[in-house]
Amino acid sequence: KAGVTQTPRYLIKTRGQQVTLSCSPISGHRSVSWYQQTPGQGLQFLFEYFSETQRNKGNFPGRFSGRQFSNSRSEMNVSTLELGDSALYLCASSPGLAQVADTQYFGPGTRLTVL
Amino acid sequence: AQSVTQPDIHITVSEGASLELRCNYSYGATPYLFWYVQSPGQGLQLLLKYFSGDTLVQGIKGFEAEFKRSQSSFNLRKPSVHWSDAAEYFCAGDSNAGGTSYGKLTFGQGTILTVHP
(Lines give C-alpha, C1' and ligand atoms only; values in the text may rest on other atoms or scores of the structure.)
Protein backbone atom coordinates (compact mmCIF):
# COMPACT_ATOMS: atom_id res chain seq x y z
CA LYS A 1 0.00 0.00 0.00
CA ALA A 2 1.15 3.49 -0.71
CA GLY A 3 1.81 5.58 2.36
CA VAL A 4 0.41 8.92 3.37
CA THR A 5 1.27 11.63 0.88
CA GLN A 6 1.36 15.36 1.46
CA THR A 7 1.61 18.16 -1.04
CA PRO A 8 3.38 20.40 -1.45
CA ARG A 9 6.47 19.42 0.49
CA TYR A 10 7.70 22.99 0.84
CA LEU A 11 5.95 26.33 0.80
CA ILE A 12 7.10 29.90 1.25
CA LYS A 13 4.47 32.53 1.93
CA THR A 14 4.37 36.06 3.25
CA ARG A 15 2.48 37.38 6.23
CA GLY A 16 -1.19 37.96 5.59
CA GLN A 17 -1.46 35.40 2.81
CA GLN A 18 -3.39 32.18 3.08
CA VAL A 19 -2.24 28.65 2.32
CA THR A 20 -3.82 25.27 1.61
CA LEU A 21 -2.07 22.00 2.34
CA SER A 22 -3.20 18.63 1.06
CA CYS A 23 -3.05 15.13 2.50
CA SER A 24 -3.92 11.82 0.86
CA PRO A 25 -4.36 9.00 3.40
CA ILE A 26 -3.47 5.35 3.06
CA SER A 27 -6.04 3.58 0.94
CA GLY A 28 -8.94 2.43 3.10
CA HIS A 29 -8.19 4.80 5.96
CA ARG A 30 -11.03 7.14 6.81
CA SER A 31 -9.50 9.22 9.57
CA VAL A 32 -7.04 12.03 8.97
CA SER A 33 -5.37 14.00 11.76
CA TRP A 34 -3.26 17.12 11.38
CA TYR A 35 -0.38 18.25 13.59
CA GLN A 36 1.84 21.28 13.73
CA GLN A 37 5.49 20.74 14.67
CA THR A 38 7.69 23.61 15.80
CA PRO A 39 10.97 23.64 17.74
CA GLY A 40 9.40 25.57 20.60
CA GLN A 41 6.03 23.86 20.99
CA GLY A 42 6.79 20.40 19.66
CA LEU A 43 4.02 18.37 18.07
CA GLN A 44 0.57 19.81 18.61
CA PHE A 45 -2.74 18.39 17.46
CA LEU A 46 -4.75 20.60 15.11
CA PHE A 47 -7.85 18.57 14.19
CA GLU A 48 -9.15 15.22 13.05
CA TYR A 49 -11.60 14.33 10.31
CA PHE A 50 -13.52 11.15 9.78
CA SER A 51 -16.02 10.57 6.98
CA GLU A 52 -15.97 14.26 6.03
CA THR A 53 -16.78 15.37 9.59
CA GLN A 54 -14.51 17.06 12.05
CA ARG A 55 -14.60 14.93 15.18
CA ASN A 56 -11.96 16.63 17.24
CA LYS A 57 -10.16 19.93 17.36
CA GLY A 58 -7.08 21.17 19.14
CA ASN A 59 -6.45 24.54 20.69
CA PHE A 60 -5.66 26.62 17.64
CA PRO A 61 -7.25 29.87 16.42
CA GLY A 62 -10.00 29.89 13.84
CA ARG A 63 -7.48 30.86 11.16
CA PHE A 64 -6.70 27.14 11.02
CA SER A 65 -9.38 25.13 9.30
CA GLY A 66 -9.72 21.91 7.44
CA ARG A 67 -11.98 19.69 5.48
CA GLN A 68 -12.20 16.16 4.23
CA PHE A 69 -13.55 14.90 0.96
CA SER A 70 -15.58 11.80 0.17
CA ASN A 71 -12.41 9.95 -0.91
CA SER A 72 -10.92 10.71 2.55
CA ARG A 73 -8.37 13.16 1.19
CA SER A 74 -8.03 16.13 3.47
CA GLU A 75 -6.95 19.72 3.20
CA MET A 76 -6.04 22.23 5.83
CA ASN A 77 -6.12 25.95 5.33
CA VAL A 78 -4.40 28.71 7.23
CA SER A 79 -5.63 32.22 6.59
CA THR A 80 -3.93 35.50 7.40
CA LEU A 81 -0.56 33.88 7.93
CA GLU A 82 1.65 34.99 10.79
CA LEU A 83 5.36 34.49 11.25
CA GLY A 84 4.62 32.05 14.04
CA ASP A 85 2.80 29.75 11.65
CA SER A 86 6.13 28.69 10.19
CA ALA A 87 6.28 24.99 10.97
CA LEU A 88 6.27 21.46 9.69
CA TYR A 89 2.67 20.38 9.19
CA LEU A 90 2.14 16.66 9.45
CA CYS A 91 -0.89 14.67 8.60
CA ALA A 92 -1.57 11.15 9.75
CA SER A 93 -4.12 8.61 8.66
CA SER A 94 -5.71 5.70 10.47
CA PRO A 95 -8.63 3.34 9.85
CA GLY A 96 -10.79 5.49 12.13
CA LEU A 97 -12.59 2.70 13.96
CA ALA A 98 -14.90 4.21 16.53
CA GLN A 99 -14.04 3.79 20.21
CA VAL A 100 -10.77 2.05 19.44
CA ALA A 101 -7.40 3.68 19.37
CA ASP A 102 -6.09 3.37 15.89
CA THR A 103 -2.49 3.45 14.86
CA GLN A 104 -1.67 6.67 13.07
CA TYR A 105 0.65 6.61 10.07
CA PHE A 106 2.32 9.86 9.20
CA GLY A 107 3.14 11.56 5.95
CA PRO A 108 6.44 13.33 5.23
CA GLY A 109 5.03 16.72 6.13
CA THR A 110 4.77 20.11 4.49
CA ARG A 111 7.38 22.64 5.54
CA LEU A 112 5.74 26.08 5.63
CA THR A 113 7.90 29.17 5.90
CA VAL A 114 6.21 32.53 6.48
CA LEU A 115 8.28 35.61 5.66
CA ALA B 1 -4.49 16.79 32.23
CA GLN B 2 -3.22 14.03 30.01
CA SER B 3 0.46 14.27 29.32
CA VAL B 4 3.48 12.42 28.03
CA THR B 5 6.94 13.38 29.24
CA GLN B 6 10.34 12.52 27.87
CA PRO B 7 12.83 13.64 30.51
CA ASP B 8 15.89 13.50 28.27
CA ILE B 9 16.19 16.10 25.52
CA HIS B 10 19.44 14.74 24.12
CA ILE B 11 21.22 11.42 24.57
CA THR B 12 24.59 10.42 23.16
CA VAL B 13 25.72 6.82 22.92
CA SER B 14 28.54 4.99 21.21
CA GLU B 15 27.79 2.66 18.35
CA GLY B 16 27.24 -0.84 19.68
CA ALA B 17 26.21 0.36 23.13
CA SER B 18 22.78 -0.28 24.60
CA LEU B 19 20.10 2.37 24.61
CA GLU B 20 17.19 3.28 26.82
CA LEU B 21 14.95 6.27 26.14
CA ARG B 22 12.57 7.25 28.90
CA CYS B 23 8.89 8.06 28.61
CA ASN B 24 6.42 8.77 31.39
CA TYR B 25 2.71 9.25 30.99
CA SER B 26 -0.09 10.78 32.99
CA TYR B 27 -3.57 9.57 32.11
CA GLY B 28 -6.68 8.74 34.08
CA ALA B 29 -6.79 5.25 32.65
CA THR B 30 -4.22 3.13 30.86
CA PRO B 31 -3.54 4.87 27.58
CA TYR B 32 -2.49 3.44 24.29
CA LEU B 33 1.20 4.24 23.86
CA PHE B 34 3.44 4.60 20.84
CA TRP B 35 7.03 5.29 19.94
CA TYR B 36 7.83 7.09 16.71
CA VAL B 37 11.15 8.05 15.13
CA GLN B 38 11.80 11.10 12.98
CA SER B 39 14.82 11.69 10.77
CA PRO B 40 15.67 15.31 9.92
CA GLY B 41 13.09 16.89 7.65
CA GLN B 42 11.00 13.74 7.55
CA GLY B 43 7.70 12.54 8.93
CA LEU B 44 7.24 10.16 11.82
CA GLN B 45 7.78 6.44 11.47
CA LEU B 46 6.06 4.08 13.89
CA LEU B 47 8.49 1.91 15.86
CA LEU B 48 6.07 0.08 18.13
CA LYS B 49 2.82 0.38 20.06
CA TYR B 50 1.19 -0.86 23.24
CA PHE B 51 -2.54 -1.36 23.45
CA SER B 52 -2.95 -4.12 26.03
CA GLY B 53 -1.68 -7.56 26.96
CA ASP B 54 2.00 -8.41 27.08
CA THR B 55 3.81 -5.46 28.64
CA LEU B 56 6.99 -6.06 26.62
CA VAL B 57 6.39 -5.12 23.01
CA GLN B 58 8.69 -5.66 20.08
CA GLY B 59 9.02 -3.21 17.25
CA ILE B 60 10.91 -2.65 14.06
CA LYS B 61 14.66 -2.13 13.74
CA GLY B 62 15.38 -4.18 16.87
CA PHE B 63 13.59 -1.85 19.28
CA GLU B 64 11.47 -2.94 22.20
CA ALA B 65 9.56 -1.14 24.93
CA GLU B 66 8.22 -2.16 28.29
CA PHE B 67 5.00 -0.83 29.78
CA LYS B 68 5.20 -0.44 33.55
CA ARG B 69 1.92 0.65 35.09
CA SER B 70 3.41 1.06 38.57
CA GLN B 71 5.94 3.56 37.24
CA SER B 72 3.71 5.13 34.57
CA SER B 73 6.50 4.49 32.12
CA PHE B 74 6.96 3.13 28.62
CA ASN B 75 10.70 3.15 28.01
CA LEU B 76 12.23 2.31 24.65
CA ARG B 77 15.26 0.04 24.50
CA LYS B 78 17.71 -1.35 22.01
CA PRO B 79 20.55 -3.71 22.95
CA SER B 80 23.04 -2.46 20.37
CA VAL B 81 22.76 0.90 18.65
CA HIS B 82 23.74 1.45 15.03
CA TRP B 83 24.88 4.76 13.55
CA SER B 84 21.70 4.79 11.45
CA ASP B 85 19.62 5.00 14.65
CA ALA B 86 20.62 8.63 15.08
CA ALA B 87 17.34 10.57 14.92
CA GLU B 88 14.70 12.12 17.14
CA TYR B 89 12.41 9.80 19.06
CA PHE B 90 8.92 10.64 20.21
CA CYS B 91 6.72 8.90 22.73
CA ALA B 92 2.99 9.46 22.26
CA GLY B 93 -0.22 8.54 24.04
CA ASP B 94 -3.89 8.15 23.13
CA SER B 95 -6.41 8.20 25.95
CA ASN B 96 -8.77 5.63 24.41
CA ALA B 97 -11.71 7.66 25.65
CA GLY B 98 -13.37 8.36 22.32
CA GLY B 99 -15.06 11.72 22.08
CA THR B 100 -12.50 14.45 22.52
CA SER B 101 -9.66 11.99 22.10
CA TYR B 102 -10.56 11.04 18.54
CA GLY B 103 -7.48 11.08 16.35
CA LYS B 104 -5.49 12.97 18.94
CA LEU B 105 -2.07 11.79 19.99
CA THR B 106 -0.33 13.61 22.80
CA PHE B 107 3.39 13.71 22.20
CA GLY B 108 6.36 14.03 24.46
CA GLN B 109 8.95 16.69 23.73
CA GLY B 110 11.19 14.26 21.89
CA THR B 111 14.66 12.88 22.57
CA ILE B 112 17.46 13.51 20.10
CA LEU B 113 19.78 10.54 19.81
CA THR B 114 23.37 11.06 18.70
CA VAL B 115 25.47 8.01 17.93
CA HIS B 116 29.26 8.24 18.12
CA PRO B 117 31.36 5.86 16.00
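Naming: A, B, ... by sequence-line order, numbering from 1 per chain. When reading the values below, keep in mind they use all heavy atoms of this one structure, side chains included, and skip hydrogens, waters and symmetry mates.
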Query raised in the report: Rounded to the nearest 0.5 Å, how far apart are NZ of B:K49 and OG1 of A:T103?
Result: 3.0 Å
Query - B:F63-B:F74 co-clustered via ILVMFWY side chain contacts under 4.5 Å - result: yes
Query raised in the report: Considering residues, nucleotides and ligands other than A:R15, do more than 12 of their heavy atoms fall under 6.0 Å from its CZ?
Result: no
Query raised in the report: Listed by residue number, which members of residues 64-86 of chain A have a heavy atom under 4.5 Å from any heavy atom of chain B?
Result: none
Requested in this report: To the nearest 0.5 Å, tell me how far B:L44 CG sits from A:Q104 CD.
Outcome: 10.0 Å
Query raised in the report: Going from NZ on B:K104 to CZ on A:R55, what distance comes out if it is rounded to the nearest 0.5 angstrom?
Result: 14.0 Å
Query - Non-hydrogen side-chain atoms of A:F45 and B:L105 separated by less than 4.5 Å - result: no
Query - Cluster overlap B:V13 with B:F90, hydrophobic side-chain contacts below 4.5 Å - result: no
Query - Cluster overlap B:W35 with B:Y27, hydrophobic side-chain contacts below 4.5 Å - result: yes
Query raised in the report: Got A:L88 and B:Q38 here, is their nearest side-chain heavy-atom distance under 4.5 Å?
Result: yes
Query raised in the report: What are the two closest non-hydrogen atoms of B:G103 and A:S33, and how far apart are they?
Result: O-OG, 2.7 Å
Report task. Give a yes or no on whether B:I9 atom CD1 has more than 12 heavy-atom contacts from other residues, nucleotides or ligands under 6.0 Å away. Result -> no
Query raised in the report: Can you tell me how far the CZ atom of B:F51 sits from the CG atom of A:D102, to the nearest 0.5 Å?
Result: 7.0 Å
Atom pairs and distances, side-chain donor-acceptor, residues 110-117 of chain B, under 3.5 Å, sequence neighbours left out:
residue: B:T111; atom: OG1; partner: B:Q6; partner atom: NE2; Å: 3.3
residue: B:T111; atom: OG1; partner: B:D8; partner atom: O; Å: 2.6
residue: B:T114; atom: OG1; partner: B:H10; partner atom: NE2; Å: 2.7

Report task. Using non-hydrogen atoms and a 4.5 Å limit, figure out which bit of A:Q37 sits close to chain B: side chain, backbone, both or neither. Result -> side chain
Query raised in the report: Under a 4.5 Å heavy-atom cut-off, does chain B meet the side chain of A:F47, its backbone, both or neither?
Result: neither
Query raised in the report: Is there a path of hydrophobic side-chain contacts, each under 4.5 Å between heavy atoms of I, L, V, M, F, W or Y residues, that connects B:F107 with A:W34?
Result: no
Query raised in the report: Between atom OH of A:Y105 and atom OH of B:Y36, what is the distance when rounded to the nearest 0.5 Å?
Result: 7.5 Å
Query raised in the report: Hey, quick one: are A:Y89 and A:V114 part of the same hydrophobic cluster, counting side-chain heavy atoms closer than 4.5 Å, chains of contacts allowed?
Result: yes
